[in-house]
Amino acid sequence: MNYLQFVRKNTVMVIFGIIMTALSSFGQTFLLALYVPFLMDEFTLSNGLISTFYGVATIVSAAMLPKVGKLIDTIPLKTFTLGTTGLFVLSLLFLSASQAWWYIPVAFFGLRLAGQGLYSHIAITSMSRYFDVNRGKAISLASLGHPLGQAILPALILILIGIVGWRESLWLNAGLVSFVVILFTIFVLKSEHLKPETDELSRDDVTENKVIKVRQRDIMRSKEFWLLAPNIFFIPFAITGLFFYQFAIVEFKGWSQGIIAGGLTSFALASAFSILTAGPMIDKYNARTFFPFYLIPYFVAIMVIWLVPNTWGMYVYMVMMGLSVGFGSATVAALQVEFFGKKYIGTVRSLFTSVMVLSSAVGPALFGIILDAGWGFQTVFPVSLVMLALIIFQSMRSIPKYSRAKWKFKLKRIVKKQNLKKPKEE
């Protein structure tokens, strides 16, 4: 089944996934950062203080995610989605009505938990649970909401703020989220759309028959968790950190700030392309095969932004980073099901999502410490490369033994053919 056939057969679920990931943007760093200057001016806050609010709110939301996110395994999807939407909308309205500094960390907590955490969690968990044969395509299509939000929403929000003001724009954001999600969930998403895809020979069926219940402490003790966790930690850690200081990076390189907009568009397009490429490949083979390799373009990206002085380096950097992020989002989500099964995938994903959210708080803080210490990006980039190289190396353990044996067999055949040709050439 190709993408077009899949979308025709599962239109409602695909739209639901894209809506949830796209609207999660209202809780993501790249969009909330647009409100930071207005909040600083309104309440006379320093960069360090508002960054602390944001970091603490993100860390607390990461701590809450495993407890809240696992409820999707026991609460009906529609009920869980509506409850999360209520928290999301209230947080947007609370931020718009802020009258003192303490409103800000409380609102940030709700936006990070419901937006960045639970909205994405709902989308990918539902795709992982209800699809077997076409799980890769389902996850990839749902993940398209992320680059869609990155490409469209920042410009629209800036225009909106300029027309009606930052407080009023938050009211409109809350209205959009509540109108779209509540109406779609209640009136469009039906029980017949939430039936598992049939796959009698699915590996998940075997896994679920053996596992009575998955506990998060058991997951954290497993070798699969420690195989996945470094990868899931690094991408948002580095992406959020580098995006948070993108103006500083441009200044460090001596480029014009206008190049950032074009770079972000390149990032979104590359991410969308790699997401769509990943789906069919995961369905045809499996996520384990590609897991160690999706970070290699990101390694190249950091090398380019560090060493290339020309402005075209910005576009290569963003494109390569987008390729890693897009392919990785689909691969990691599918791999969680391959490792732990789909019956308690909400419990599994909520734990890994908390790791992701936590890392997005650590990245800007750590990079900020390095920059404040005067070490600059000449330290940030090499440190990132060393961390990434170690993660790629340890990820090689995920490759199935039969794949390694196949590759060794093919390599031996190639070497043997070369050796047979040598006497003839002589």
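Here the structure is a predicted model, which is why all the values come from computation and not from measurement. All values below were derived from every heavy atom in this structure, side-chain atoms included, with hydrogens, water molecules and symmetry-related copies excluded.
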Take Y294 and F290 through the ring pair (Phe, Tyr, Trp, His ring centres under 6.0 Å) test and state the conclusion after the steps.
-> CA-CA 6 Å; Y294 79 87; F290 307 109; over 10 Å; no

What do the steps show when you test Y344 against K70 for side-chain contact (heavy atoms from CB on, under 4.5 Å), and what is the final call?
-> CA-CA 8 Å; Y344 294 101; K70 70 179 181 180; over 6 Å; no

D132 vs K342, salt bridge (Lys or Arg N to Asp or Glu O under 4.0 Å): CA-CA, chis, key distance, verdict | CA-CA 9 Å; D132 294 317; K342 66 179 181 180; 2.8 Å; yes

Mind running side-chain contact (heavy atoms from CB on, under 4.5 Å) on F367 and S384 for me, showing each step along the way?
-> CA-CA 10 Å; F367 288 170; S384 300; 3.7 Å; yes

Run the side-chain contact (heavy atoms from CB on, under 4.5 Å) check on F377 and L371 step by step: do they pass?
-> CA-CA 7 Å; F377 288 104; L371 295 174; 3.9 Å; yes

Audit row: Q246, L264, side-chain contact (heavy atoms from CB on, under 4.5 Å) steps and yes/no | CA-CA 10 Å; Q246 56 190 321; L264 289 172; 4.0 Å; yes

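Panel note: side chain N134, backbone D283; no donor-acceptor pair is recorded below 3.5 Å. Side-chain atoms of T331 do not come within 3.5 Å of backbone N or O of G328 as any donor-acceptor pair. Between the side chain of N310 and the backbone N or O of W312, no donor-acceptor pair lies under 3.5 Å. A donor-acceptor distance shorter than 3.5 angstrom exists from the side chain of N2 to the backbone of Q5, with no hydrogens or angles considered. Side-chain N or O atoms of S274 include one that pairs as donor or acceptor with a backbone N or O of F327 at under 3.5 Å. Looking at T125, its side chain never comes within 3.5 Å of a backbone N or O of I122 through a donor-acceptor pair. Judged by distance alone, the side chain of S25 and the main-chain N or O of Q28 form no donor-acceptor pair under 3.5 Å. Between the S271 side chain and the F267 main chain, no donor and acceptor come within less than 3.5 Å of each other. Although no hydrogens or angles enter the test, the distance criterion places no donor-acceptor pair under 3.5 Å between the side chain of S324 and the main chain of M321. Looking only at distances, no side-chain donor or acceptor of S266 sits under 3.5 Å from a matching main-chain atom of M318.
Each side-chain hydrogen bond (donor to acceptor under 3.5 Å, both in side chains) pair with one or both residues in residues 158-175, not counting sequence neighbours, appears once here: Y35-S169, Y35-N173, E42-R167, S96-W171.
Y119 and T81 share no donor-acceptor pair across their side chains, judged by distance under 3.5 Å alone. Using modelled atom types and a 3.5 Å distance limit, the side chains of R112 and Y54 yield a donor-acceptor pair. Side-chain atoms of Q394 and W226 include no donor-acceptor pair closer than 3.5 Å.
Pairing each heavy atom of K253 with each of V308, the nearest pair is NZ-O, 2.8 Å. Nearest heavy-atom pair, F80 versus V68, reported as atom, atom and distance to 0.1 Å: CE1-O, 3.6 Å. Scanning all heavy atoms of the two residues, the minimum distance from R349 to S120 falls at NH2-O, 4.2 Å. A pairwise comparison of heavy atoms in A330 and I139 identifies CA-CG2, 3.8 Å as the closest pair. Closest non-hydrogen pair, M20 versus A123, comes out as CB-CB, 3.8 Å. Minimum heavy-atom separation, A238 to Y298: CB-OH, 3.1 Å.
A heavy-atom distance below 4.5 Å is not found between the side chains of F243 and T29. Counting heavy atoms from C-beta on, the side chains of L176 and F26 come closer than 4.5 Å. In this structure, M314 and I305 have side chains that are in contact, with non-hydrogen atoms separated by less than 4.5 Å. Under the 4.5 Å side-chain criterion, counting only non-hydrogen atoms from C-beta, I345 is not in contact with I72. Side-chain atoms of R288 and E338, non-hydrogen and from C-beta on, do get closer than 4.5 Å to each other. In this structure, the side chains of F30 and P154 come closer than 4.5 Å at one or more pairs of heavy atoms. By the 4.5 Å heavy-atom criterion applied to side chains, V348 and F339 are not counted as neighbours. For the pair Q378 and W306, the minimum side-chain heavy-atom distance is below 4.5 Å.
Between D73 and K343, none of the side-chain N atoms (NZ, or NE/NH1/NH2) sits under 4.0 Å from a carboxylate O, so this pair counts as no salt bridge.
Enclosure of atom NZ in K78 by more than 12 non-hydrogen atoms of other residues, nucleotides or ligands within 6.0 angstrom is indicated. Summarising the local packing, NZ of K223 is surrounded by 12 or fewer heavy atoms from other residues, nucleotides or ligands at distances under 6.0 Å. For M40, the CE atom sits in a packed shell: over 12 heavy atoms of surrounding residues, nucleotides or ligands are nearer than 6.0 Å.
In this structure, the separation between CD on Q336 and CG on L228 is 6.0 Å, given to the nearest 0.5 Å. The CG atom of L23 sits 9.5 Å away from the CG atom of L148 when rounded to the nearest 0.5 Å. The distance from the CG atom of L141 to the CG atom of L276 is 6.5 Å, given to the nearest 0.5 Å. S91 contributes atom OG, which lies 11.0 Å from atom CG of L170 (distance to the nearest 0.5 angstrom). Rounded to the nearest 0.5 angstrom, L335 CG and E224 CD are separated by 9.0 Å. In this structure, the separation between CE on M64 and OG on S350 is 11.5 Å, given to the nearest 0.5 Å.
Using a 30° and 60° split on the angle between ring planes, F16 and F184 fall in the parallel class, below 30°. Classified by interplanar angle (parallel below 30°, tilted 30° to 60°, perpendicular above 60°), the ring pair Y103/F94 is parallel. Ring orientation note: the planes of F233 and F237 are close to parallel, at an angle under 30° on the 30°/60° scale. Classification of the F53-W101 ring pair by plane angle, with boundaries at 30° and 60°, yields parallel.
In this structure, the ring of F225 has its center less than 6.0 angstrom from the ring center of F352.
Of the candidates V181, V188, V177, V181 is the only one forming a side-chain contact (heavy atoms from CB on, under 4.5 Å) with I19.
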